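Nothing fancy with the numbering, it's 1 onward along the sequence. None of these values were measured; they are calculated from a predicted model.
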Amino acid sequence: MFFFKNNLDTIEITYNIIGISDHIVQYYRNLFCTNNVVLQDQLLVEEAIPNLVDDSLNTMLTVIPSHLEIKNAVFDLNKDGALGPDGFGAFFFQTYWDIISLDVTNAVIEFFTKSWLLQNFNANTLILIPKTPNANTIDQYRPIAMANFKFKIISKVLADRLAKIMFGIVSKEQRGFIQGRNIKDCICLDSEAVNFLHKKSYGGNLALKIDISKAFDTLDWNFFFQF
């Protein structure tokens, strides 16, 4: 059984597998669609977002990885991680590295030299994980994409490089997901800010709690490459 809203914002119930499948596809298609509104005022974006990656940093991020860098990425990944669509996980790559290292290394280097991937490299198995017991609406599920390990190697190389400069290009107010920072610091900061609300000030005090839905799940490629 699955609940969903139709175009008239009325609740409908479906037991049909095809109906559920179509609803899920349409939900995520609408969620991750392109929003061209962000590109309308380009001058404002250029003024608000400073250019923090210079030529030297860009060279470090895009340089062809060495064999050692690729090997370290392979062995840093969890060997017991979930398998992707091809069925080969980190355990296989780490165990038989002496046999497959040359082919894997050449495949990764080809991506950095030609910006090209085999189609199956970026294949993913999408799994919906319920966030609450007895979840029966699509927004109560969290999508998890299980990628092929070969694609994870490339992502790991890029992530390790980005980690070296993230603290310099992400504002200090962003405490989560940055090495050397702790999201718990936000709790202490909020507590101190709330204490100041009791003090009188001209115009009064105001605290806002803003929840930006799916803040880290969407990326507009046209926007990304333009700026």
Side-chain angles (χ1 to χ4, degrees), residues 32 34-79 81 84 86 88-90 92-94 96-124 145-183 185 212 214-227:
F32 298 122
T34 300
N35 184 355
N36 290 323
V37 175
V38 296
L39 294 177
Q40 291 181 356
D41 195 345
Q42 299 178 4
L43 293 178
L44 177 61
V45 175
E46 292 176 355
E47 293 176 0
I49 303 179
N51 186 357
L52 299 176
V53 178
D54 56 24
D55 291 338
S56 62
L57 290 179
N58 187 61
T59 299
M60 184 273 291
L61 293 173
T62 58
V63 68
I64 299 175
S66 65
H67 290 213
L68 179 59
E69 185 178 12
I70 296 172
K71 179 181 178 180
N72 290 338
V74 170
F75 282 85
D76 282 344
L77 290 164
N78 180 15
K79 69 176 182 179
D86 64 0
F88 293 94
F92 170 82
F93 281 79
Q94 294 175 8
Y96 299 103
W97 182 249
D98 291 339
I99 300 174
I100 64 176
S101 59
L102 181 60
D103 290 331
V104 174
T105 300
N106 288 338
V108 174
I109 291 177
E110 185 177 33
F111 167 77
F112 280 87
T113 55
K114 299 182 180 180
S115 300
W116 181 80
L117 282 173
L118 284 171
Q119 186 174 4
N120 67 331
F121 268 38
N122 197 19
N124 294 268
M146 295 190 296
N148 281 327
F149 188 78
K150 295 183 291 294
F151 184 76
K152 292 182 180 179
I153 298 173
I154 296 174
S155 300
K156 177 63 174 174
V157 171
L158 295 174
D160 287 344
R161 293 178 177 183
L162 282 170
K164 298 176 182 178
I165 67 171
M166 287 295 277
F167 67 90
I169 64 176
V170 177
S171 64
K172 61 182 180 181
E173 287 77 18
Q174 172 62 44
R175 307 302 302 176
F177 312 108
I178 304 297
Q179 188 175 9
R181 302 181 187 179
N182 195 322
I183 196 170
D185 295 340
I212 303 176
K214 307 295 182 184
F216 298 100
D217 294 340
T218 55
L219 176 67
D220 188 300
W221 288 107
N222 292 329
F223 176 87
F224 183 79
F225 284 118
Q226 183 166 357
F227 300 103

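Residues meeting the salt bridge (Lys or Arg N to Asp or Glu O under 4.0 Å) test with R181, sequence neighbours left out: none. Applying the side-chain contact (heavy atoms from CB on, under 4.5 Å) test to N58 and every residue at least two apart in sequence or in another chain returns V53, T62. For E110, the side chain to side chain donor-acceptor pair (under 3.5 Å) test picks out no residue, with sequence neighbours left out. Every residue two or more places apart in sequence or in another chain that forms a side chain to side chain donor-acceptor pair (under 3.5 Å) with S56 is listed here: D54. Under the side chain to side chain donor-acceptor pair (under 3.5 Å) criterion, N106 pairs with no residue, sequence neighbours left out. By the side chain to side chain donor-acceptor pair (under 3.5 Å) test, N124 pairs with no residue at all, sequence neighbours left out.
The OG atom of S155 sits 10.5 Å away from the CG atom of L162 when rounded to the nearest 0.5 Å. Considering NZ of K156 and CD1 of I70, their distance stands at 14.0 Å, rounded to 0.5 Å. From K71, atom NZ reaches atom CD of Q94 across 10.5 Å, with rounding to the nearest 0.5 Å. Atom CH2 of W97 sits about 9.5 Å away from atom CG of L102, to the nearest 0.5 Å.
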Given V74 and F149, is the side-chain contact (heavy atoms from CB on, under 4.5 Å) satisfied, shown in steps?
CA-CA 9 Å; V74 170; F149 188 78; 4.1 Å; yes
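Taking the side chain as every heavy atom from C-beta outward, L117 and K150 never approach each other to under 4.5 Å. Proximity of L158 to F112: side-chain heavy atoms (C-beta onward) are separated by under 4.5 Å at one or more points. Contact annotation: the side chain of M60 approaches that of I165 to within less than 4.5 Å [non-hydrogen atoms, C-beta and beyond]. Between H67 and S101, every side-chain heavy-atom pair lies at or beyond the 4.5 Å cut-off.
Heavy atoms of other residues, nucleotides or ligands lying less than 6.0 angstrom from CG of N78 number more than 12. Within 6.0 Å of the CZ atom in F151, the count of heavy atoms belonging to other residues, nucleotides or ligands does not exceed 12. For F75, the CZ atom is densely surrounded, since the number of other residues' heavy atoms within 6.0 Å is greater than 12.
Closest approach of L52 and L57 over heavy atoms only: O-CD1, 3.8 Å. Closest heavy-atom contact between V108 and P65: CG1-CG, 4.2 Å. The two residues V63 and R161 come nearest to each other via the heavy atoms O-NH1, 2.7 Å.
For the side-chain contact (heavy atoms from CB on, under 4.5 Å) criterion with I178, the lone passing option out of I183, V170, I169 is V170.
Listed for the N148 side chain is a donor-acceptor partner under 3.5 Å among the backbone atoms of N120.
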